[in-house]
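Notes for the one structure printed next.
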Amino acid sequence: MRTGQRQVTFTGTGGETLVGTLDLPPKEPEAYALFAHCFTGGKNNQATRRVSRALTDRGLAVLRFDFTGIGDSGGDFANATFSSNVADIVRAAAHLRDNFTAPSLIIGHSLGGAAVLAAAGEIPEVRAVVTVGAPSDPAHVAHLFEHALTDIEHAGEAEVSLGGKWFRIRREFLEDLREQRLADHIARLDRPLLILHSPDDDIVDITNAAGIYTAARHPKSFISLDGANHLLTSPLHAKRVAQLIAAWADPYLPESFTPEID
């Protein structure tokens, strides 16, 4: 693990060991952030890794971790649900609180964005929330394996290919998605919210950003990520996202947070 990083582990909702990377700035962190990765993406997904590391240049320490059954974390992905992911975000925040400093900022990419919207109310220290390419309804993710929905419903589970890897999806996962009422969480957020979304996103349509924005109360902001794809595969787009987050979050973070200007 490179200089400026620490591996962290904590116990997930199902008792499995979840593994994360804490990216550290070159000086004492001025604030801590928590980053929830996209569906099946993992903490080392290009966008997650690049945005997190770029935020350290602005004085933030950022924890990114693998959800159950993803990357280095233990457990079976098939046993995870949206609700368990939300609970594990809260546990990750508790780990920061107990061992470092509780997160002032939480960021979520794609389905991770929906999850941080649901989790924010259970993390009292959070001062600001950011979503990147997030769906306004978690059930939206089901379109990624639409071809297998009948098999999942009838057989109870099915193997699906996502991003070149095979994952087992269970009926319980779908049922949990359908039970979510994310708009209620957004309406009760009571924190400043930044919504980042690309009009070129062909996985989560930009109309989802409108849904989140409409459900949220002020203060809320929307910034269009022109030219970016859903996974932010361009390093320039990932860096831009980090810069936008740092500049927007500045007024809401501890007073000592004074990001430097390149």
Side-chain angles (χ1 to χ4, degrees), residues 1 5-23 32-45 48-49 52 61-103 105-126 129 134 138-139 141-142 144-145 148 152-153 155-160 162-163 165-182 185:
M1 184 165 289
Q5 291 183 337
R6 291 184 61 172
Q7 179 174 294
V8 301
T9 60
F10 59 97
T11 303
T13 306
E16 66 281 355
T17 298
L18 301 184
V19 179
T21 296
L22 182 63
D23 290 308
Y32 279 74
L34 179 58
F35 197 125
H37 64 72
C38 62
F39 185 54
T40 75
K43 69 180 184 304
N44 292 323
N45 172 269
T48 304
R49 187 179 68 253
S52 179
V62 186
L63 174 61
R64 47 189 168 96
F65 73 96
D66 290 324
F67 285 117
T68 299
I70 298 292
D72 297 320
S73 287
D76 186 345
F77 176 83
N79 293 331
T81 63
F82 181 80
S83 292
S84 70
N85 287 347
V86 171
D88 286 337
I89 290 172
V90 177
R91 285 176 175 251
H95 181 84
L96 285 177
R97 181 185 302 115
D98 294 342
N99 296 278
F100 303 95
T101 300
L105 174 68
I106 54 174
I107 306 159
H109 183 198
S110 193
L111 190 63
V116 300
L117 289 170
E122 299 183 56
I123 309 172
E125 297 89 350
V126 167
V129 181
V141 76
L144 295 175
F145 43 88
I152 296 170
E153 294 286 6
E157 61 180 48
E159 296 280 341
V160 301
L162 298 168
K165 298 180 181 179
W166 288 92
F167 295 89
R168 190 154 44 104
I169 306 292
R170 288 181 171 164
R171 185 189 299 123
E172 290 79 5
F173 178 79
L174 293 178
E175 292 173 347
D176 181 76
L177 287 176
R178 293 165 182 159
E179 290 172 358
Q180 301 303 317
R181 298 293 180 268
L182 190 61
H185 288 289

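Remember, predicted model here, so these are calculated numbers, not experimental data. The analysis underlying the following values was restricted to heavy atoms, covering all of them including side chains, and did not include hydrogens, waters or symmetry mates.
- Distance check: Gln5 CD to Ser52 OG gives 8.0 Å after rounding to the nearest 0.5 Å.
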Practice task
Decide side-chain contact (heavy atoms from CB on, under 4.5 Å) for Lys165 and Phe77; before the verdict, give the C-alpha distance in whole Å, the side-chain angles of both, and the deciding distance to 0.1 Å.
Solution key: CA-CA 12 Å; Lys165 298 180 181 179; Phe77 176 83; over 6 Å; no

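- Annotation: side chain to side chain donor-acceptor pair (under 3.5 Å) contacts involving residues 107-118, sequence neighbours excluded, comprise Ser110-His230.
- The closest donor-acceptor contact from the side chain of Arg91 to the backbone of Thr11 lies under 3.5 Å.
- Under the ring-ring contact (aromatic ring centres under 6.0 Å, His included) criterion, Phe65 pairs with Phe10, Phe67, sequence neighbours left out.
- Take Ala78 and apply the side-chain contact (heavy atoms from CB on, under 4.5 Å) test, not counting sequence neighbours, and it matches Asp76, Arg168, Arg170.
- Looking at residues two or more places apart in sequence or on another chain, you find a side chain to side chain donor-acceptor pair (under 3.5 Å) between Thr13 and Asp88.
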Handout entry: Pair Val141-Phe173, side-chain contact (heavy atoms from CB on, under 4.5 Å): steps then yes or no
Key = CA-CA 11 Å; Val141 76; Phe173 178 79; 4.3 Å; yes

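- The side-chain contact (heavy atoms from CB on, under 4.5 Å) search around Arg97 returns Ala94, Ala102, Ile123, Pro124, Glu125, not counting sequence neighbours.
- Two residues are said to be in side-chain contact when any heavy atoms from C-beta on lie closer than 4.5 Å; Arg49 and Thr21 fail this criterion.
- A search for side-chain contact (heavy atoms from CB on, under 4.5 Å) contacts involving Ala114 returns Phe82, Leu111, Pro135, Pro138, Leu182, not counting sequence neighbours.
- Using a 4.5 Å cut-off on side-chain heavy atoms (C-beta onward), Phe167 and Ile70 make contact.
- Remark: side-chain polar atoms of Arg64 are not paired, donor with acceptor, to backbone N or O of Phe35 under 3.5 angstrom.
- Annotation: side chain to side chain donor-acceptor pair (under 3.5 Å) contacts of Glu122 (sequence neighbours excluded): none.
- Of all heavy-atom pairs between Ala115 and Val86, the closest is O-CG2, 3.8 Å.
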Practice task
Apply side-chain contact (heavy atoms from CB on, under 4.5 Å) to the pair Ile107 and Val116, showing each step before the final yes or no.
Solution key: CA-CA 7 Å; Ile107 306 159; Val116 300; over 6 Å; no

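- In the model, Ser83 has a side-chain atom that pairs as donor or acceptor with a side-chain atom of Gln180 under 3.5 Å.
- Separation of atoms CD (Glu159) and CD1 (Ile169) is listed at 9.0 Å; rounding is to 0.5 Å.
- Put simply, the side chain of Glu16 does not reach to within 4.5 Å of the side chain of Asn79, judged on heavy atoms.
- Leu174 approaches Glu153 most closely through the heavy-atom pair CD1-OE2, 4.0 Å.
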Handout entry: Thr9/His95 under side-chain contact (heavy atoms from CB on, under 4.5 Å): CA gap, chis, key distance, verdict
Key = CA-CA 9 Å; Thr9 60; His95 181 84; 5.9 Å; no

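- Taking the side chain as every heavy atom from C-beta outward, Leu18 and Thr68 approach each other to under 4.5 Å.
- Here the CG-OG1 distance, from Asp72 to Thr17, works out to 11.5 Å after rounding to the nearest 0.5 Å.
- With sequence neighbours excluded, the residues that form a side-chain contact (heavy atoms from CB on, under 4.5 Å) with Thr101 are Tyr32.
- Leu34 and Ala93 make their closest contact through CD2-N, 4.0 Å (heavy atoms, listed as atom of the first residue, atom of the second, distance).
- Under the side chain to side chain donor-acceptor pair (under 3.5 Å) criterion, Arg181 pairs with no residue at all, not counting sequence neighbours.
- A search for ring-ring contact (aromatic ring centres under 6.0 Å, His included) contacts involving Phe145 returns nothing, not counting sequence neighbours.
- From Asp66, atom CG reaches atom CG of Asn45 across 10.0 Å, with rounding to the nearest 0.5 Å.
- In this view, Ser73 satisfies the side chain to side chain donor-acceptor pair (under 3.5 Å) rule with no residue, not counting sequence neighbours.
- Proximity of Val8 to Asn99: side-chain heavy atoms (C-beta onward) are nowhere separated by under 4.5 Å.
- Contact of the Leu96 side chain with the Leu22 side chain is registered, since non-hydrogen atoms from C-beta on lie closer than 4.5 Å.
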